[in-house]
Q: 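Starting off with a structure, shown below.
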Amino acid sequence: MSLPSHFYFLQRGWINSNTIVITDGAGPVVVDTGHPSSAAGTARLIGQIVDLAEIRLIVNTHCHWDHIGGNGALRQLSGAHTAVSAVTAHILTTHDRRLMWLDYSAADYEPVAVDITWQDGDMVALGAYRFEVMATPGHVPDSIALYQPETRLLISADALHDRDCGILNTALHGDHILDEAIATVEKLQQYDVALVLPGHGDMITDPVASLHALARRLAEFKIYPEKMALHLLRRVTMTAVLLAQPISRQQLIEEALARPWPHDYAARANCPDPEQLLHQLLDDFIHRGLAREQDGRLTSLVPR
Ligand SMILES: [Zn+2]
């Protein structure tokens, strides 16, 4: 199935969430707005599809900074309202840096205003389309997906990427989130889905196969938790390179070691020395052609 008319899928790189624009109905709707450092670029991309001043609604699928970073700029240009789940609203309005992973990422946070809150099971209008709001905990406790029954379209955010999902930060949220992620996959498998627009990566044209592959991956995490730790470490380390590049290996490692995540996950990944672990991760990126080290400086080779 191809994308229904009035839907636009802006696929981004590693750091920014994908953005979805729906142009039908009472003014354009934007779902997720990318990373704060790319806010101007996100607005430019959306502006190629719609008049930014006409945006009526911004939806955020969860509280992570790579999904809400363009909210402020878009609201300023349009006066759009923002809709999130009630759980996300609580995190955003109480500025919960811990649940937003801001301390994990050494990130700045520009507070996001919330106008409308949704609950699991609500039917909501995005443009002329009615979507079911689905709670999809796992990657984060506040995550929602949006399902459109007539077109069988699913906006999955970080609950489902192609054969994958957003990282599972068990050190921060608790080990039970793996079971939540598994339950979320089982919930999504109950829906008749033709096409998935995920929070990161490619559109998913074979949802059944993709969900099946994710279920297998999560079952493997249950048996081999060190694989779940490495899944997180690779992604967080690559994000750190992308945000700081070009940067010397030593400086990157020093900055990473000042954050909780290498310490939280080194032992979980069966490598008790966090510094050695970071060296191994960077060597692996270079070996696999995902990063380059030139004149003593690291640069990522994955799209930002
Ligand atoms: Zn996320």
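Whatever order the structure lists them in is the order used to number ligands and atoms, beginning at 1.
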Q: Would Arg268 and Thr170 count as having a side-chain donor-acceptor pair, cut-off 3.5 Å?
A: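 Side-chain D/A pair, Arg268 to Thr170: present.
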Q: Hydrogens and angles aside, do Asp164 and His200 bring a side-chain donor and acceptor to less than 3.5 Å of each other?
A: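 Checked: Asp164/His200 side chains show no N/O donor-acceptor pair below 3.5 Å.
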Q: For Asp158 and His64, does a side-chain donor sit closer than 3.5 Å to a side-chain acceptor?
A: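 On atom types as modelled, these side chains do not qualify, holding no pair under 3.5 Å.
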Q: Testing His35, His62, His139 one by one against His67 for a ring-ring contact (aromatic ring centres under 6.0 Å, His included), which residue passes?
A: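 In the set His35, His62, His139, the residue that makes a ring-ring contact (aromatic ring centres under 6.0 Å, His included) with His67 is His62.
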Q: Under 3.5 Å, is there a donor on one side chain and an acceptor on the other for Thr61 and Asp32?
A: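 Thr61 vs Asp32: donor-acceptor pair found between side chains.
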Q: What residue pairs, at least two apart or across chains, pass side chain to side chain donor-acceptor pair (under 3.5 Å) with a residue in residues 18-30?
A: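 For residues 18-30: none.
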Q: Just to be careful: counting only protein atoms that are N, O or S, how many fall under 2.8 Å of the Zn ion (ligand 1)?
A: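 My tally for this metal is 4.
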